[in-house]
Amino acid sequence: MLGNGLNEFIDDMYHNPEKEISYCGKRYMVTGYVDETSEFYTLEVYTIEKDCKELFKFTSKVRYECVEAFEKAKIFDGKTIYEAEKDIEVLFG
């Protein structure tokens, strides 16, 4: 992963991230946020293209469940973050 270490990137998922990344010529936004009640945390990933497409969204009261779901999700052309990380560049965040 260029622009971030993988462990640092995953750790950031616990702290309301806003990261723009590139993978195989595609741009993605990774965001994390709490709801208006501060009870639920959501992690989501969507494409940054002419037509944005949501690829991943997970909400829980427990942040580690969101991060764990993100780690297991095959978001990047059928690959997890761990399988795709060598071809990911962090552009922002």
Side-chain angles (χ1 to χ4, degrees):
M1 180 176 288
L2 296 171
N4 233 168
L6 180 60
N7 290 335
E8 179 184 355
F9 186 89
I10 297 297
D11 186 54
D12 286 348
M13 296 300 103
Y14 290 93
H15 308 286
N16 303 349
E18 185 171 279
K19 292 184 173 281
E20 182 179 339
I21 62 175
S22 174
Y23 172 73
C24 293
K26 298 177 191 170
R27 290 176 39 221
Y28 302 82
M29 182 61 74
V30 181
T31 62
Y33 55 90
V34 293
D35 71 349
E36 57 279 346
T37 67
S38 296
E39 190 173 351
F40 292 94
Y41 184 66
T42 299
L43 266 180
E44 63 184 16
V45 179
Y46 52 92
T47 59
I48 304 174
E49 298 174 353
K50 187 175 182 180
D51 298 318
C52 292
K53 181 178 166 186
E54 184 178 272
L55 302 173
F56 171 82
K57 185 172 185 176
F58 195 92
T59 301
S60 176
K61 288 185 176 185
V62 184
R63 289 183 187 228
Y64 82 83
E65 289 178 354
C66 296
V67 176
E68 188 175 82
F70 170 77
E71 290 175 300
K72 292 177 181 178
K74 295 187 179 256
I75 299 167
F76 307 100
D77 294 334
K79 296 179 181 178
T80 67
I81 187 78
Y82 295 107
E83 296 165 328
E85 69 95 9
K86 67 178 172 59
D87 296 316
I88 292 175
E89 180 178 3
V90 177
L91 304 172
F92 172 81

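The distance from atom OH of Tyr14 to atom CZ of Phe70, rounded to the nearest 0.5 Å, is 11.0 Å. In this structure, NZ in Lys19 is found 11.0 Å from CG in Leu91, a value given to the nearest 0.5 Å. With values rounded to the nearest 0.5 angstrom, Asp87 atom CG is found 11.5 Å from Ile21 atom CD1. To the nearest 0.5 Å, atom CD of residue Glu20 and atom CE of residue Met29 are 5.0 Å apart. Separation of atoms CG (Asn7) and CG (Asp12) is listed at 11.0 Å; rounding is to 0.5 Å. Rounding to the nearest 0.5 Å gives a distance of 6.5 Å between SG of Cys24 and NZ of Lys79.
Within the cation-pi definition used here (under 6.0 Å to the ring centroid, within 45° of the axis), Arg63 qualifies as a partner of Tyr41.
Between the side chain of Glu83 and the backbone N or O of Thr80 there is at least one donor-acceptor pair closer than 3.5 Å. Glu85 places a side-chain N or O within 3.5 Å of a backbone atom of Met1 that can act as its donor or acceptor partner. Remark: side-chain polar atoms of Lys57 are not paired, donor with acceptor, to backbone N or O of Glu44 under 3.5 angstrom.
In this structure, Glu18 and Phe92 have side chains that are in contact, with non-hydrogen atoms separated by less than 4.5 Å. Counting heavy atoms from C-beta outward, Thr47 and Lys26 have side chains that stay 4.5 Å or more apart. Between Pro17 and Leu43, some side-chain heavy-atom pair lies under the 4.5 Å cut-off.
Contact between Cys66 and Ser60 at its shortest, heavy atoms only, is SG-N, 3.6 Å. Between Ala73 and Phe56, the shortest heavy-atom contact is CB-CD1, 3.7 Å.
Hydrophobic cluster membership differs between Tyr33 and Val67, with clusters built from Ile, Leu, Val, Met, Phe, Trp and Tyr side chains linked at under 4.5 angstrom. Phe9 and Ile48 are not part of a single hydrophobic cluster, where members link through side-chain heavy atoms under 4.5 Å apart. Following chains of ILVMFWY side-chain contacts shorter than 4.5 Å, one cannot reach Tyr46 starting from Phe76, and the two form parts of different hydrophobic clusters. Note on Leu2: it does not cluster hydrophobically with Met13, by side-chain heavy-atom contacts below 4.5 Å among ILVMFWY residues. No single ILVMFWY cluster, assembled from side-chain heavy atoms under 4.5 Å apart, contains both Val45 and Phe40.
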Worked verdict on Ile81 versus Ile88 for side-chain contact (heavy atoms from CB on, under 4.5 Å): CA-CA 9 Å; Ile81 187 78; Ile88 292 175; 3.5 Å; yes
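Classification of Glu49 and Arg27 as a salt-bridged pair fails, no side-chain N sitting under 4.0 Å from a carboxylate O.
A 6.0 Å sphere centred on CG of Asp35 holds more than 12 heavy atoms belonging to other residues, nucleotides or ligands.
Ring planes of Tyr28 and Tyr23: tilted class, angle from 30 to 60°.
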